[in-house]
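Take a look at the structure below.
For reference, positions follow the sequence shown, starting with 1.
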Amino acid sequence: MVQPSIDKFAKSQGYETAEYLCEWRGFKCYEPILAEGEMSFVGLPLLILEDNEGNIRMSTPEEAMQQIDESG
């Protein structure tokens with residue numbers, strides 16, 4: 001289970017929940033999940049990013065692609 005603040009942010013963006021992925025460029029990265037237990041393809045990948053001060057935001061598509069490139 002992720003922090004309540006991340007889960008609340010995910011829900012405010014239309015997702016059911018989020019799952020922690022990794023640390024990247026000073027951010028905690030979370031995968032937003034539309035429906036738990038189901039595979040969902042909805043376009044470009046996006047991440048939920050949390051900085052060291054607890055600020056939470058959605059990634060840009062460019063950030064999400066950079067994170068994928070650098071993690072793979």
- Do you reckon Leu34 sits in the same ILVMFWY cluster as Leu21, going by side-chain contacts under 4.5 Å, direct or chained? no
- Message: Membership question, hydrophobic clusters at under 4.5 Å side-chain separation (ILVMFWY): are Ile33 and Ile6 in the same one?
- Response: no
- Tell me, which pairs form a salt bridge (Lys or Arg N to Asp or Glu O under 4.0 Å) where one or both residues lie in residues 19-38, sequence neighbours left out? Arg25-Glu70
- Query: In this structure, are over 12 heavy atoms from other groups packed under 6.0 Å from Asp69 atom CG?
  - Reply: yes
- Item | Summary of salt bridge (Lys or Arg N to Asp or Glu O under 4.0 Å) pairs that have at least one residue in residues 43-63, sequence neighbours excluded | Arg57-Glu63
- Any residue meeting side-chain contact (heavy atoms from CB on, under 4.5 Å) with Met65, in chain and number order, not counting sequence neighbours: Pro45, Ile68
- Can you name the residues that form a side chain to side chain donor-acceptor pair (under 3.5 Å) with Ser12, not counting sequence neighbours? none
- Query: What is the minimum heavy-atom distance between Tyr30 and Tyr20, and which atoms define it?
  - Reply: CD2-CA, 3.5 Å
- Evaluate the criterion side chain to side chain contact (heavy atoms under 4.5 Å, CB included) for residue pair Met58 and Phe9; output intermediate values, then yes/no. CA-CA 9 Å; Met58 292 300 290; Phe9 180 82; 3.6 Å; yes
- Atom pair CD (Gln66) and OG1 (Thr60), whose distance is rounded to the nearest 0.5 Å: 7.0 Å
- Task: Could you tell me the separation between the CG atom of Leu47 and the SG atom of Cys22, rounded to the nearest 0.5 Å?
- Result: 7.5 Å
- Message: Taking side chain to side chain donor-acceptor pair (under 3.5 Å) as the definition, give me every residue that meets it alongside Ser59, ordered by chain and number, with sequence neighbours left out.
- Response: none
- Query: Lys8: what forms a side chain to side chain donor-acceptor pair (under 3.5 Å) with it, not counting sequence neighbours?
  - Reply: none
- Item | Separation of Leu49 CG from Cys29 SG (nearest 0.5 Å) | 5.0 Å
- Item | Pairwise side-chain contact, Leu46 with Pro61, heavy-atom cut-off 4.5 Å (strictly under) | yes
- Message: Minimum heavy-atom separation for Asp7 and Ala18, please, with both atom names.
- Response: OD1-N, 4.1 Å
- Say you draw a straight line from CD of Gln3 to CD1 of Ile56; how long is it, rounded to the nearest 0.5 Å? 7.0 Å
